[in-house]
Structure formats: structure tokens, C-alpha cells
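Below you'll find the structure, written out as C-alpha cells, and then a few comments.
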Amino acid sequence: MMNGEIVPTETLSPEQLGKKTEVVARRPPRRISGYLLHLALIAGAVWSVFPFIWMVLTSLKGYVEAAASQAILPQHWLFSNYAAAWNEVGMFPRYFANTIFISAATVLGVLVTSTLAGYAFARMSFPGRNLLFVILLATMMVPFEVTLVPNFILMRRLGWIDTYSALIIPWTASAFSIFLMRQFFRSIPGELYDAAVIDGSTHLRFLVSIVIPLSKPALITSALLTFLGSWNSLMWPLLVTNSPQLRPLQVGVATFITDAGTQVQLLLAAVTISVVPVILLYLFLQRWFIEGIATIGIRG
Amino acid sequence: MSARKWFTVTITLLLVVSVAACAPAATATPTPTGVGTSIPATGATQAPSAAPTTVSAGGAPVVINFWHGQSQSQQTALNALVAQFNATHPGIKVVATYQGTYSDLYNKVTAAVAAGSPPDLAIAYQNDVANYIKDGAVIPLNSLMSDPQIGFSSADLQDIYPAFIDHYPQFGNQVYSIAFMRSMEVMYYNMDLLKAAGFNQPPTTWTEFMNMCAAVSKPPTTYCYEMNTDASRFSNWLWSRGGSLLSPDGKTVAFNSLEGLATMNFINDLFTKKEAIVIGKAFQDQTDFSLGKIAFTFGSTAGLPFYQQSIQQAGVVKDWGIAPDPHSTPNPVVDLYGPSVTIFKTTTQRERDAFVFLKYLMGTQADSAWVEATSYFPARQSTRSSLTSFIQANPLYGQALGWVQYGKTEPTIAAWNPIRGYIADAMTAVANGKETPSQALNDAASKANQAIASQ
């Protein structure tokens with residue numbers, strides 16, 4: 001009874017019966033609401049995953065079938081589309097290597113800058129802290145397109161056009177990641193810092209020894225979001241590079257789009273090839289990612 | 001590993017990456033050069049076939065940057081032309097760079113112009129060129145074209161189709177861009193459906209077209225036409241009825257005319273009678289045509305390879321072809337469209353070197369090689385003689401080549417891009433029955449005139 005198990009009503013006293021009837025009467029709605037909840041979650045999951053399934057299945061169809069057929073499954077499974085897409089782009093290995101390098105370096109940079117800045121905004125007192133934080137948040141409201149030309153001019157003046165610097169360094173500071181880390185750091189009890197100070201700790205020592213080990217979910221969330229943005233980037237790399245040897249994966253994918261027509265099946269094969277590493281990374285890190293998002297959502 | 005060690009390792013890695021990232025790629029192209037960095041040439045102004053044309057002070061060839069939007073097989077063909085040019089012109093090294101779609105390319109050029117580092121040449125649509133002219137970023141080509149040493153001869157100018165040389169009426173009618181790639185608006189027809197309805201040839205007049213539409217349409221399985229809404233469709237339909245898009249001085253639109261109204265009425269009739277549908281997604285008309293659901297589509301000859309592949313794979317349509325749009329004018333009219341090449345303001349010598357390359361692209365040899373690789377139309381009439389085997393292998397292309405002489409081009413005004421949008425909106429409004437033909441036409445004309453006035 002304590003655990004809510006069902007007890008035959010004939011074994012109960014009238015007093016107990018009255019209470020039990022009430023319990024039993026409440027159970028079906030709870031069970032139904034549970035079913036409804038799961039049904040909604042399943043529908044949401046299917047809704048989210050369907051584009052990926054469609055992408056993979058369409059990438060295995062023929063040209064006409066990919067463009068016209070409403071059927072989900074391919075009539076003939078053309079795995080050769082992947083080889084064709086790979087060969088069509090020609091520089092896929094180089095594009096992959098560039099994208100991995102650029103994304104990894106950007107993530108590394110973002111983690112360092114966000115950790116330091118997030119900590120300062122969360123734990124350190126200095127004049128104008130809140131104003132600076134508001135200004136930082138305001139930068140998130142400025143559309144990327146507005147800053148495109150000024151940023152390009154800056155890159156040119158720095159002599160970074162057609163170098164990895166232009167692809168990496170401007171993206172190694174992220175207002176959103178700083179916000180994310182600041183929110184997470186604020187959830188760490190202040191008593192920990194007081195105790196650390198009593199033991200002679202500095203801010204940096206406290207950050208490195210206490211805060212960072214406790215912030216794995218937030219760090220991973222920030223890393224994943226940055227990685228995703230960097231992995232999918234197209235306009236900026238096209239803008240600041242000219243050499244094919246410096247260009248990332250999405251440039252290769254974009255070459256399938258032409259004014260006269262598009263080989264949809266090859267385009268989707270190329271897209272599938274390009275998203276597999278991101279999906280694998282997410283699957284590997286999803287526990288911390290969800291934890292990070294949930295924690296920040298609750299405490300923020 | 002402790003958190004402290006992790007932190008140390010991360011910082012070290014970041015420093016290493018930052019230092020590494022500051023170095024240019026080992027295989028990067030030679031220094032991109034702009035206004036401020038161009039190298040003075042020493043041996044200028046020889047005939048383009050002579051080599052070298054220009055050599056930098058250090059003896060290295062002058063690097064000329066050519067930005068384009070050609071990908072995959074077109075990029076391969078273009079790179080081959082560039083390599084051939086570089087091999088025969090030791091004083092100039094053209095570096096051709098893919099910069100994404102034409103829209104991406106325009107964005108990049110705009111940013112580069114603002115930063116003072118434009119390319120030497122770039123491919124651009126005419127309305128984009130008009131914007132570059134307004135910014136003072138590109139040069140008129142008239143003097144280079146008539147230059148006694150590197151310019152076109154009178155024989156060249158007679159040989160090149162007029163539709164490949166872009167005049168800009170808003171800017172003194174000067175030439176600011178020249179095309180080496182043009183495709184053509186044509187009508188694709190399904191002869192199987194026409195024969196089944198009792199017709200032996202495609203329509204040559206709009207009346208015939210409407211009669212055939214009435215006979216072949218069997219909704220919801222078969223329709224006469226699937227509309228890929230685009231201002232180029234409207235332009236060709238208007239011209240084929242004798243209408244004009246702009247007034248002669250280019251200062252107002254002229255499509256709100258009787259011919260324009262007839263064009264909108266044509267769309268209205270097709271949809272009112274349920275003989276036409278609008279495409280649901282990009283290029284769906286190509287696919288539905290190959291599945292035998294549609295009797296006619298209108299579109300670019302650049303789509304021919306896609307139609308051929310689709311029809312071959314579907315195996316439904318056996319007899320099909322292309323024809324110029326039906327017309328009430330004495331001769332057919334075809335919209336010859338496609339981007340052109342424009343030369344940016346740099347130094348006199350770089351501009352001349354860039355023109356030498358542009359003239360090479362317009363030469364018979366390059367013209368022929370480019371046509372065979374891309375199925376675009378040649379810029380020169382004389383190129384046809386070297387395309388005999390290509391035409392035999394591609395009879396539809398050969399057929400269309402005969403219509404280049406009827407080519408017209410869309411306006412070269414800066415406002416043309418928004419105007420294209422207004423026209424497309426009007427077509428959609430009529431097709432959906434949301435506006436009457438005259439309402440839609442006048443609305444589009446009013447917005448278009450405002451756009452021209454504000455430019």
C-alpha cells in the first residue's frame with residue numbers, strides 16, 4: 001500500500017476501503033497521463049529524427065526517385081551515390097581535415113575564453129560588471145550579416161585573409177558561451193570559494209581546481225554548440241578564404257547546388273557524410289549535454 | 001589527469017593552435033592582390049597571343065584574380081582554360097577561385113570592394129554589375145575593346161553575338177561586362193502527349209498553345225503546364241507577344257502594356273481552366289515532365305542534361321523536344337541569360353591584363369572548349385564550325401544553337417533584381433487567383449518604377 005501497489009478490495013476494512021477507493025480512482029488518470037506523455041515524447045522524437053531518416057534514405061535513391069517519389073524507402077538502394085558524391089567533390093578528405101582542425105581549435109578557444117570571462121562575471125566584483133555583462137548580451141542581438149563587411153575589412157587589415165587565423169580566431173570568443181558559463185558558475189555555492197580562500201586559494205586556483213571539474217556539463221554543452229556552429233559554417237569561410245586547401249566541408253557540399261538543377265540524391269549523400277561526425281559526437285556526449293542544458297535552464 | 005593539468009594542457013594547445021593558425025596554408029595561392037598591392041608591369045600591351053604580356057619587377061608573373069561561381073565539372077573546365085591561358089601567357093598568372101553560388105559571390109565581391117581589395121575580374125549578373133558601377137568599382141570596357149593592341153578587331157566584334165556584350169543604358173550605354181556563358185529560355189514539349197491528343201508538332205503560336213493545352217489537360221493526372229515562377233518566363237512571353245520590359249531610356253518599365261496584359265491573361269486562363277499547376281519544390285517541373293505528367297515546361301537550356309537524365313531514368317517519355325516559345329512576332333524570341341564577366345578598377349596595367357584574359361575566354365578556341373564542357377552557347381558565330389561532332393552528339397543543343405540569333409537579354413539596370421521579384425509575385429498572385437491580371441500587372445509596374453527611381 002505504501003508503494004501504491006494494488007490490493008484486492010475485499011481484503012480491506014470499510015475505512016480502508018474508503019481510502020483505497022480514492023487511491024484506485026486516481027490511478028487510471030495518472031496512468032493515462034503517463035501514456036499520453038510518452039506518446040507525445042515518441043511523436044516528438046519521430047518528428048525530430050524523421051528529417052535525418054529521410055535524408056539518409058533519399059541519399060540512396062536514384063535521381064528521378066529522389067526528386068519525385070513520395071515513398072520513404074528507395075526502390076533500389078544505390079549505395080554508389082556515396083562514392084559518386086565523394087568523387088564529385090574531389091577534395092572531401094582535405095575539407096574534412098580542415099573542418100576538424102578549425103572546429104577543434106575554435107572549441108578550444110571558446111572554452112578558455114568563456115571559462116575565464118564567465119567566471120569573472122559570476123564570481124568577481126569589479127566596477128561596471130553588470131553593465132559590461134548587459135553589453136555582452138546585447139552583442140548577441142546583432143545579426144551576423146551586419147558585421148560581415150566590417151569583419152572582412154578587419155581581417156584584411158590584419159593580413160589574415162586566406163589563413164586559418166581568419167577561420168578560427170574571430171570565433172574563439174562567444175557571448176552565448178560566456179553567458180552559459182556565467183549562469184552555471186553562479187549555481188556553485190559561494191561557501192566553496194570561502195573555504196578555498198581560507199586555504200589560501202586564488203581565483204585562478206579556485207577556478208581550475210574546483211569550478212572547472214564541477215562544470216563538465218556546461219563545458220560540454222558549450223563545446224558542442226560551438227562545434228556545431230563551426231562545423232556548419234559556410235558564408236564566413238567563403239568570405240575570408242580563396243585557396244581550396246583552406247576551405248571547410250560545407251563549401252564542398254554547396255557545390256552540388258546549381259542554377260540549372262540539383263542532383264538531390266548526391267547532395268544528400270554529401271550532407272550525410274558531413275553530419276555523421278557531429279551525430280556521433282552528440283551521441284557520445286549527450287548525457288553531459290542534456291545535463292548541462294537542464295542545469296542551466298533550472299538555475300538560470 | 002587533474003583539472004589543473006587539463007587546464008595547462010588546454011592553454012598550451014590553444015597557444016600552439018593560435019600560432020599555427022596565423023601561418024597561411026602551405027599550399028595557398030599566391031598573394032591575393034588588390035588596388036594597393038598590385039605589382040607594376042614592365043612589358044605591357046602586346047597582343048594577347050604574344051607572351052609574356054606583363055612581368056612583375058621581380059620577374060614573376062602578375063597574379064590576376066578571377067572569382068567565379070562555377071562548381072564541379074564547370075569548375076574543372078574553367079580551370080583547364082585558365083591553365084592553358086597561363087601556359088601561353090607567361091607574364092600573367094590567372095588564379096581562378098570558386099566563391100560559392102552567385103549570391104555568395106556577390107556578397108564576397110561587395111565586402112572585398114568595401115575593403116579595397118576587389119578581384120581583377122569576377123562573374124556577375126548584369127544587375128549586380130550595375131550596382132558595382134554605382135559603387136565606382138568596375139571600369140567601362142569600351143576603350144579596352146577598341147584598344148589597337150589588346151582590343152577586339154572589327155572582325156571579332158562582327159563575329160561575337162551582340163547579346164553577349166552588355167550595354168548599360170543607365171550609365172551612358174557603355175559596356176561594363178561581357179559574357180562567355182549564356183543559356184537560353186526554351187519550351188520543353190512532350191510529343192507523346194501531343195500526338196495522343198492529335199497534334200503532330202509543337203505549337204508555334206500562343207493560340208496553338210492554348211488549343212493544345214485544352215486537349216492534353218486531364219487533371220489531376222495530366223496538366224498542360226507546370227509553372228516554375230520566374231521573371232525570365234514572363235520576359236520571354238512578353239517579348240514573344242511584341243512587348244518590352246523597359247522604356248527605351250531605361251527610366252520606367254514598359255511591361256504594363258497590352259502585351260503585358262495578354263501575358264498575365266495567358267497565365268490567368270491556364271489556371272482558371274485548371275490546365276496548369278505551380279511547382280511545389282525546386283525543379284519539380286523537370287521531374288514531372290520526365291514522368292509524363294506535364295505536356296510543357298519552360299526553362300533554361302542549361303537544364304537539358306537534367307531533363308535528359310531524368311527522362312532516361314524514368315523511361316516514361318519517349319518522344320520529346322525543345323522549341324522557342326510560341327510567338328506572335330514574325331520571328332521567335334529567346335531570352336539569352338546568364339552572368340557576365342566584369343573587370344574591377346585596380347591599376348591600368350592590371351585592368352589590361354584582366355582584359356587580355358577576358359578576350360582569351362572570348363576566343364574561338366576557348367569558346368569551343370567551354371561550350372563542349374558546359375553546353376552553354378558560344379559567344380562567337382564562327383565557333384559553330386568547330387562544334388560539328390558535339391552537335392551531332394547533342395542534337396537538341398544543335399537545334400537551340402540555331403536560335404541564338406533571335407536572342408534578347410534582360411535589362412542591365414541595378415533595380416532589375418527587385419523588379420524580377422515583383423514580376424514573380426504578380427505571376428503567383430494571378431496563378432493563385434488572388435489578383436486579376438491587370439491588378440497584378442499594375443501593382444508590379446508601380447513597385448518597379450519606384451525601385452528604378454530610388455536607384
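It should be emphasised that the depicted structure is a prediction, and the values quoted were computed from it without experimental measurement. Throughout, a chain's letter reflects where its sequence line sits, starting with A, and its residues are numbered from 1. Below, each value reflects all heavy atoms present in this structure, side chains not excepted, and no hydrogens, waters or symmetry copies.
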Checklist entry - After noting the C-alpha distance and the side-chain angles of Gln286(B) and Tyr63(A), does the key distance pass the side-chain contact (heavy atoms from CB on, under 4.5 Å) rule? => result CA-CA 11 Å; Gln286(B) 291 178 3; Tyr63(A) 174 61; 3.5 Å; yes
Determine the option with the most heavy-atom pairs under 4.5 angstrom with chain A, choosing from [options].
| options | answer |
| --- | --- |
| Pro305(B), Ser183(B), Gly280(B), Ala115(B) | Ala115(B) |
| Thr76(B), Thr110(B), Thr287(B) | Thr287(B) |
| Ala314(B), Ala112(B), Ser290(B) | Ala112(B) |

Proximity breakdown for [X] and chain A, heavy-atom pairs closer than 4.5 Å:
| X | result |
| --- | --- |
| Gln284(B) | neither |
| Ser310(B) | both |
| Tyr98(B) | both |

When heavy-atom pairs shorter than 4.5 Å are enumerated against chain B, which of [options] gives the highest number?
| options | answer |
| --- | --- |
| Ile153(A), Thr255(A), Ile102(A), Val149(A) | Thr255(A) |
| Arg157(A), Glu88(A), Met235(A) | Glu88(A) |
| Val240(A), Leu154(A), Thr241(A) | Thr241(A) |

Next on the checklist: Counting C-beta onward and ignoring hydrogens, is there a side-chain heavy-atom pair between Trp67(B) and Asn242(A) closer than 4.5 Å?
Outcome noted: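 The answer is yes, as the side chains (C-beta and beyond) meet within the 4.5 Å cut-off.
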Next on the checklist: Within the 3.5 Å criterion, strictly below it, is a donor on Gln309(B) or Gln263(A) matched to an acceptor on the partner's side chain?
Outcome noted: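 A pair is found: one side chain offers a donor N or O, the other an acceptor, under 3.5 Å apart.
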